[in-house]
Q: 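So that we are looking at the same thing, I have put the structure below in structure tokens.
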Amino acid sequence: MKNVIQPVKGTRDFYPELMALRNWLYGKIRVVSERFGYQEYEGPFIEKIELYAAKSGDELVNQQSFVFQDRGGDPITLRPELTPTLARMVAQRQNELTFPLRWWSFGPFWRYERPQKGRTREFFQWNIDLIGVNTPEADAELLQICANFFREVGLGPQKVRLLVNSRRLMDQQLAKLGLEGDLRRAAFRLIDRMDKLQPSEWNDYALSQGLSIAQLEGIKNLLSNDEGWHQSEELCHVFELIQLTGLADYIRYDPHIIRGLDYYTGIVFEAKDLDGGRSILGGGHYDNLVAAVGGNPLPGVGFAMGDVMISLVLEKYGLIPPLPQNPAQVLVTVFDESRLASSFALAMQLRNAGLNTVFYPEAAKLPKQFKYADRIGVRFVVVSGPDEEAAGVITLKDLLYRTQETLTVPSAVEKIRALLAVGQGL
RNA sequence: GUGGCUGUAGCUCAAUGGCGGAGCGUCUGACUGUGGAUCAGAAGGGUGUGGGUUCGACCCCCAUCAGCCACCCCA
């Protein structure tokens, strides 16, 4: 086994078990997205690097992207996020699309980072955006979708929380402290780092960035004030709306939330596992992104959720249901060499009757064939030997209930249908 | 990009610097028309890779690759 070529660092192999989980998650995402009337879309997996250079932020573009040259020498990047692609797609058809536009997507992304818990170099992401209106109702809808998703998968507000802030509010507050330009950007970084540094280190860092003692105190007050949102009209309005949804327990104001992406201009939010602390999803409101890629100005709000962290969280809380091992419902055994062809035909007969059927492709001993059916998770086994053949019937065994009866093919089909309906989820 | 831990059979792990083992799994049989249980037997690795130290290396040293964890950053 040592000669097997290793997979690319930070990638995952989706063996059927993991693929089933991915598709289960995809299904939940689809249900919630469609519940709110969003349409599924997808963009290319590769883009020109300029697309991200426009607005995504330096680190994401210069250090975390997979970049290569195509044969013509043009720099191409594996997409590290979807929002710029979305902005581009919207800008290209700006005059044909009907706004407000509600789109969602679930696809692969790549970031060149050191893999660790909850982070791989290739991951899947749910992106969902509402574009074309600039209202608190739009912002509140996206928060509602997040919370509704958590409720859909069984994550209650005691386990996860949506932390919300406003870039606009933070800008105003920092301006009041006399922080402009580079100093304000430094302050944002400072806020971002507060829970990662010791208080004394944090103070030193702040002063080293050129902030005054008074400004530092001002930031501390800002961050410790849970009621700061009252000074933001948009946050007040958003929180009011959330009260009407029955999902308010999920949502809380948190002035520490800043977000790394440069294009956010209004509310920003992150969902966190209250037990683990890591961020499950993040998003916000952006006013200028469509214009940044060459379109006319158009606001939007959206978020992205990676599959890796949410899967870890769901697994931790035991919220991933048992997923079907095998799509097959029936296995047709081969009694002996002489019956290979008749069994082969019988299997197709069952498929034509609408049953997912596996045919055992050689004349092995029956115990082996039963064992195989059991292992791969097929519930029903059909046997057709000399006795059955003489009587014009087949034997049907239910491995789940260990029952068995002999009956004609059409009644066996009916029997299986009836038992599948009853035994679902057992 | 920085730091730490780890790397032995398909899997989970043992093995003072002195002949590499166990459990689970797999295969075969007991059970010659019936799966999961039990019992018996068998196959399967030369220790991630490349160097070095040593009479002798899974064990010590260096490098490298990979995984994990934290930082950075973020989904």
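Within every chain, numbering begins at 1; the chains are lettered A, B, ... in the order of the sequence lines, protein sequences first and strands thereafter.
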Q: Assign Gln404(A) to base, sugar-phosphate, or nothing according to its heavy-atom contacts below 4.0 angstrom with the strands shown.
A: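 Here Gln404(A) touches the bases of the nucleic acid.
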Q: Not counting sequence neighbours, which residues clear salt bridge (charged side-chain N to carboxylate O under 4.0 Å, His left out) with Glu40(A)? List them please.
A: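 For Glu40(A), the residues satisfying salt bridge (charged side-chain N to carboxylate O under 4.0 Å, His left out) (neighbours in sequence not counted) are Arg30(A).
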Q: Base, sugar-phosphate, or nothing: which does Thr395(A) touch, judged by heavy atoms less than 4.0 Å apart?
A: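 Thr395(A): base contact, heavy atoms under 4.0 Å.
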Q: Would you tabulate the pairs of protein nitrogen or oxygen atoms and nucleotide nitrogen or oxygen atoms of nucleotides 40-42 of chain B closer than 3.5 angstrom?
A:
none

Q: Please report the distance, rounded to the nearest Å, between CG in Asp129(A) and P in rA75(B).
A: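 That distance rounds to 13 Å.
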Q: Check this one for me: any side-chain N or O of Lys368(A) less than 4.0 Å away from OP1 or OP2 of rU34(B)?
A: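 Looking at the OP1 and OP2 atoms of rU34(B), neither is under 4.0 Å from any side-chain N or O of Lys368(A).
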Q: Centroid distance below 5.5 Å plus an interplanar angle below 30 degrees: do Tyr372(A) and rG35(B) meet both conditions?
A: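 Not stacked by the 5.5 Å and 30° rule.
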Q: Identify whether the distance between the nearest side-chain nitrogen and carboxylate oxygen of Arg12(A) and Glu122(A) falls below 4.0 Å.
A: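 No, no charged N to carboxylate O under 4.0 Å.
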Q: Please write out each protein N/O paired with an N/O of nucleotides 36-38 of chain B under 3.5 Å, distance rounded to 0.1 Å.
A:
residue : atom : partner   : partner atom : Å
rG36(B) : O4'  : Asp374(A) : OD2          : 3.3
rG36(B) : O6   : Arg402(A) : NE           : 2.5
rG36(B) : N1   : Arg402(A) : NE           : 3.4

Q: Can you sort out which residues in residues 307-321 of chain A have a heavy atom within less than 4.0 Å of RNA chain B? Ascending by number, please.
A: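 Contacting residues: none.
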Q: Are any of the side-chain nitrogens in Asp273(A) or Lys316(A) under 4.0 Å away from the carboxylate oxygens of its partner?
A: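 Judged by the 4.0 Å cut-off on N to carboxylate O distance, Asp273(A) and Lys316(A) do form a salt bridge.
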Q: For nucleotides 66-70 of chain B, list the nitrogen or oxygen atoms of the protein found under 3.5 Å from its nitrogen or oxygen atoms, one pair per line.
A:
residue : atom : partner   : partner atom : Å
rG67(B) : OP1  : Gly10(A)  : N            : 3.3
rC69(B) : OP2  : Lys117(A) : N            : 2.3

Q: Drop me the distance from Leu314(A)'s CG to Leu25(A)'s CG, to the nearest 0.5 angstrom.
A: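 Answer for the CG-CG pair, Leu314(A) versus Leu25(A), is 7.0 Å.
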Q: In residues 17-24 of chain A, which residues come under 4.0 Å of RNA chain B by heavy atom?
A: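 Heavy-atom contacts with RNA chain B come from no residue of residues 17-24 of chain A; none.
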Q: Rounded to whole angstroms, how far apart are CG on Leu86(A) and P on rA75(B)?
A: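 Spelled out: CG on Leu86(A) to P on rA75(B) is 15 Å.
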Q: So what does Phe335(A) touch, heavy atoms closer than 4.0 Å: a base, only the sugar-phosphate, or nothing?
A: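 Here Phe335(A) touches the bases of the nucleic acid.
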Q: Can you tell me how far the CG atom of Leu319(A) sits from the NZ atom of Lys159(A), to the nearest 0.5 Å?
A: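 Result: 6.0 Å between the selected atoms.
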Q: Among rC73(B), rG33(B), rG35(B), which nucleotide has an atom closest to any side-chain atom of Lys397(A)?
A: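 Closest nucleotide to the Lys397(A) side chain: rG35(B).
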Q: NA contact type, Ala373(A), heavy-atom cut-off 4.0 Å: base, sugar-phosphate, or nothing?
A: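 No contact.
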Q: Tell me every residue that passes ring pair (Phe, Tyr, Trp, His ring centres under 6.0 Å) with Trp103(A), counting only those two or more places apart in sequence or in another chain.
A: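 Counting only residues at least two positions away or on another chain, Trp103(A) forms a ring pair (Phe, Tyr, Trp, His ring centres under 6.0 Å) with Tyr41(A).
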Q: Which residues satisfy the ring pair (Phe, Tyr, Trp, His ring centres under 6.0 Å) test with Tyr112(A), sequence neighbours excluded?
A: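 Once residues adjacent in sequence are excluded, the partners of Tyr112(A) under the ring pair (Phe, Tyr, Trp, His ring centres under 6.0 Å) criterion are Phe66(A).
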Q: Going by ring pair (Phe, Tyr, Trp, His ring centres under 6.0 Å), name the residues that satisfy it together with Phe149(A), two or more places apart in sequence or in a different chain.
A: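 For Phe149(A) the ring pair (Phe, Tyr, Trp, His ring centres under 6.0 Å) partners, ignoring immediate neighbours, are Trp126(A).
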Q: If you look at every strand shown and take non-hydrogen atoms under 4.0 Å, does Glu122(A) touch a base, only sugar-phosphate, or nothing?
A: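 Nothing: the residue Glu122(A), judged by heavy atoms under 4.0 Å, touches no strand.
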Q: Could you list the donor-acceptor pairs under 3.5 angstrom formed by side chains in residues 356-368 of chain A, with sequence neighbours left out?
A:
residue   : atom : partner   : partner atom : Å
Asn356(A) : ND2  : Pro327(A) : O            : 2.9
Thr357(A) : OG1  : Leu355(A) : O            : 3.0

Q: Run the ring pair (Phe, Tyr, Trp, His ring centres under 6.0 Å) test against Phe14(A) and tell me which residues pass, sequence neighbours left out.
A: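 Once residues adjacent in sequence are excluded, the partners of Phe14(A) under the ring pair (Phe, Tyr, Trp, His ring centres under 6.0 Å) criterion are Phe124(A).
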Q: Would you write out the dot-bracket form of RNA chain B, 5' to 3', with Watson-Crick and G-U pairs under 3.5 Å, [ ] for crossing pairs, | for pairs to other strands and . for unpaired bases?
A: (((((((..((((....[..)))).(((((.......))))).....(((((..]....))))))))))))....
